Amino acid sequence: MSAQSNAKQQVRNFVLIWILITLMMGACTFAAIYTAYGVVVVDDNDGQQVAAADTGGQSAAVNFSGATQSFPTRPPTREVTAIPTRVSQQQNTVPQQSGAVAQAPGLATSTPLVINVPPTQVPTETPPPATLLPVDDTEFQLGIQVQSIFDADMNLWMGEVEKLGMDWVKIQARWEVIEATQGDFNWAALDKGIEAAAEREIKVLISAVTAPDWSREPGANLSEHGPPASNEDWTNFLTELMNRYPGKIHAIEVWNEQNLDREWTSVRGLQTGPADYVEMLRVSYQTIKNIDPGIVVISGALSPTGLDNRVNAWDDFNYMDAMIQAGMLNYTDCVGAHHNGINIGPSITWDAVPNDPTAAFRGPFDNPHHSWSFRSTLQGYDLRIKRAGGDQKLCVTEFGWASTEDLGVTRPGFEFASDNTLAEQEAWTIEAINNMIDWDIVHIATLWNLNYGPQAGWDPSNDNVAYSIIGKDWNFRPVYSALQAWTDENYNN
């Protein structure tokens with residue numbers, strides 16, 4: 001063989017060996033990468049397949065057409081759990097994403113790459129709004145009591161409430177009138193009041209009271225008001241009430257002055273009254289909240305009284321303590337309170353009453369007791385709530401000062417009303433409102449009252465006429481314009 005031929009053969013052998021070594025090294029490299037990371041094929045959203053390799057959190061992808069593009073880091077694996085809503089307890093589901101994960105055809109992987117698709121937002125039905133929620137707005141708000149049961153034109157009275165600039169109107173829902181016969185409801189009077197308030201966007205506080213005869217305990221004295229024999233009958237009434245006026249009732253006071261025998265005449269007597277009442281409140285709270293959780297549930301306001309024989313009356317502080325002991329604070333958003341200011345001002349405490357030798361009614365001066373004092377009564381309730389660990393404010397569902405100055409006659413037992421001038425009625429009402437704001441212990445305060453005067457023909461023998469801010473012969477008392485000025489200054493500025 002010639003030297004030239006030998007040289008050519010050596011070159012050919014070298015090239016073949018080099019190619020073989022290169023192929024072997026490439027195959028080994030491919031096998032090593034494949035074994036370590038695996039290969040998946042994903043869709044690049046343009047219909048082209050992309051090979052992706054996991055590189056420890058920094059991912060890269062090479063398009064098989066030759067263009068290189070970035071690929072987001074793999075999201076961590078997570079479980080999808082049910083998210084409860086007010087509408088349903090159904091679990092959110094994640095739709096199957098076609099092309100989200102695929103395996104390269106014909107290739108087996110020891111550690112397949114899984115790309116998690118974030119859960120899709122599944123729209124849920126928007127729940128109907130609960131009543132706008134006075135239960136969540138506990139700043140001081142002002143209202144007034146309107147007598148409605150026997151009135152034919154509630155637009156007149158609600159127009160006056162609107163002129164006064166009040167946030168709230170309080171209306172009694174007298175069960176004995178509405179359902180005098182079991183299952184037969186007469187809503188006519190209440191319809192007028194609630195619809196007239198709704199048209200003016202005035203919030204409605206319902207005072208639910210007085211069981212009908214058919215619901216009372218066997219053997220109960222039906223000449224006095226008292227609780228039903230069955231709380232189920234009572235909650236059925238509350239259910240009918242709320243279902244008739246959805247979104248138009250904003251607060252419900254459960255009963256009234258239950259520490260008095262004339263309001264809680266029961267065969268069990270007053271001795272067990274606090275525990276019996278709290279059980280009524282418990283089932284009322286549950287019933288109301290199941291229908292509209294935004295309604296403010298108010299415990300029945302007590303009557304301030306110095307009498308505590310447990311037959312005719314309980315002292316209101318003692319009754320409050322007993323209700324709290326029975327669990328009242330678990331079943332109320334706001335603690336009801338009453339105080340009709342007798343014949344002393346709203347800033348005076350029971351133990352610091354200055355003597356007024358001209359006063360015909362001597363109770364606050366000669367027989368000191370917290371029940372004469374607006375301030376001592378409200379602050380005493382608040383102290384008991386806080387001492388028991390409660391955070392509820394008071395809802396003062398009746399307050400005001402009676403005057404008979406323009407009536408000419410004072411009924412027996414109401415001598416204190418003859419001590420109060422119309423000017424004092426005006427000044428003390430505004431002073432009380434400002435005090436309640438300063439004390440920061442009151443959520444809703446409703447003045448007693450707008451219109452019992454004209455409703456009763458200004459009959460001075462009617463307990464409620466002397467409190468009416470519409471005076472005799474439609475002469476609006478000074479407190480009316482003072483309230484207008486107060487709401488204009490405080491709500492419109």
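Just so it is clear, the model here is predicted, and its values are computed rather than measured.
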Verdict with reasoning, I295 to V135, per side-chain contact (heavy atoms from CB on, under 4.5 Å):
CA-CA 6 Å; I295 289 176; V135 76; over 6 Å; no

Contacts of type ring pair (Phe, Tyr, Trp, His ring centres under 6.0 Å), residue W168, not counting sequence neighbours
none

Would you say the side-chain atoms of [X] pair up with the backbone N or O of [Y], donor to acceptor, closer than 3.5 Å?
{"X": "S403", "Y": "N420", "result": "yes"}
{"X": "N186", "Y": "A188", "result": "yes"}
{"X": "T487", "Y": "L164", "result": "yes"}
{"X": "T446", "Y": "L142", "result": "no"}
{"X": "Q172", "Y": "A208", "result": "no"}
{"X": "T332", "Y": "L329", "result": "no"}
{"X": "N449", "Y": "Y452", "result": "yes"}
{"X": "W314", "Y": "L270", "result": "yes"}
{"X": "K170", "Y": "T397", "result": "yes"}
{"X": "D488", "Y": "Q484", "result": "no"}

Between K393 and D333, does a salt bridge (Lys or Arg N to Asp or Glu O under 4.0 Å) hold up when you go through it step by step?
CA-CA 8 Å; K393 287 188 173 182; D333 300 312; over 6 Å; no

Under 4.5 Å between any side-chain heavy atoms of [X] and [Y], yes or no?
{"X": "I202", "Y": "V204", "value": "no"}
{"X": "M323", "Y": "P274", "value": "yes"}
{"X": "Q145", "Y": "Y467", "value": "no"}
{"X": "S371", "Y": "T305", "value": "no"}
{"X": "W175", "Y": "S215", "value": "yes"}
{"X": "D316", "Y": "M320", "value": "no"}
{"X": "H369", "Y": "D315", "value": "yes"}
{"X": "M242", "Y": "I288", "value": "yes"}

Restricting to pairs with a member in residues 412-435, which pass salt bridge (Lys or Arg N to Asp or Glu O under 4.0 Å), not counting sequence neighbours?
none

Salt bridge (Lys or Arg N to Asp or Glu O under 4.0 Å) contacts in which one or both residues fall within residues 293-314, not counting sequence neighbours:
D308-R310

Decide yes or no on side chain to side chain donor-acceptor pair (under 3.5 Å) for Y277 and N259, but give the supporting numbers first.
CA-CA 10 Å; Y277 172 74; N259 62 318; over 6 Å; no

Residue from V209, I298, V297, V296 passing side-chain contact (heavy atoms from CB on, under 4.5 Å) with E253:
I298

Those residues that, when tested against D459, pass side chain to side chain contact (heavy atoms under 4.5 Å, CB included) (two or more places apart)
S461

Check side chain to side chain contact (heavy atoms under 4.5 Å, CB included) between E139 and all other residues, then give those that pass, not counting sequence neighbours.
D137

After noting the C-alpha distance and the side-chain angles of E160 and Y480, does the key distance pass the side chain to side chain donor-acceptor pair (under 3.5 Å) rule?
CA-CA 10 Å; E160 293 302 326; Y480 181 96; 2.5 Å; yes

Tell me whether D167 is salt-bridged to K203, with the criterion being a basic N under 4.0 Å from an acidic carboxylate O.
no

Pair R268 + E217, salt bridge at N-O below 4.0 Å:
no

Compare every heavy atom of P454 with every heavy atom of W157, then report the nearest pair and how far apart it is.
CH2-CG, 3.7 Å

Specify the closest pair of heavy atoms between N464 and N462, including all atoms of both residues, with the distance to one decimal.
N-OD1, 2.8 Å

Taking only residues two or more places apart in sequence, or in another chain, which ones meet E176 in a salt bridge (charged side-chain N to carboxylate O under 4.0 Å, His left out)?
R174

Please report the C-alpha distance between I441 and Y381 in whole Å, then the side-chain angles of each, then the deciding distance to 0.1 Å, and finally whether the side-chain contact (heavy atoms from CB on, under 4.5 Å) criterion is met.
CA-CA 10 Å; I441 62 174; Y381 293 160; over 6 Å; no

With a sphere of 6.0 Å drawn around CD of E232, does it hold more than 12 non-hydrogen atoms of other residues, nucleotides or ligands?
no

Check the surroundings of atom CD in Q325: do more than 12 heavy atoms from other residues, nucleotides or ligands lie under 6.0 Å from it?
no

Could you go through R375 and N435, starting from their C-alpha distance and side-chain angles, then the distance that decides it, and tell me whether this counts as side-chain contact (heavy atoms from CB on, under 4.5 Å)?
CA-CA 9 Å; R375 177 175 181 172; N435 281 350; 5.9 Å; no

Nearest 0.5 angstrom please: E279 CD to S284 OG, how far?
9.5 Å

Once the angle between the rings of W187 and F185 is folded into 0 to 90°, is it parallel (under 30°), tilted (30 to 60°) or perpendicular (over 60°)?
parallel

Salt bridge (Lys or Arg N to Asp or Glu O under 4.0 Å) evaluation trace for E224 with R262:
CA-CA 5 Å; E224 301 282 7; R262 68 171 183 260; over 6 Å; no

Are the aromatic ring centres of H370 and F317 under 6.0 angstrom apart?
yes

R477 and E405: CA distance, side-chain angles, deciding distance, salt bridge (Lys or Arg N to Asp or Glu O under 4.0 Å) verdict:
CA-CA 10 Å; R477 288 172 155 185; E405 183 179 349; over 6 Å; no

Could you walk me through whether W401 and F374 pass ring pair (Phe, Tyr, Trp, His ring centres under 6.0 Å), step by step?
CA-CA 10 Å; W401 277 260; F374 178 86; 5.7 Å; yes

Before giving the answer on side-chain contact (heavy atoms from CB on, under 4.5 Å), spell out for L156 and N451 the whole-Å C-alpha distance, their side-chain angles and the decisive distance to 0.1 Å.
CA-CA 10 Å; L156 171 65; N451 64 334; over 6 Å; no

Side chain to side chain donor-acceptor pair (under 3.5 Å), that's the test. Do T410 and T404 meet it? Break it down for me.
CA-CA 6 Å; T410 301; T404 58; 2.9 Å; yes

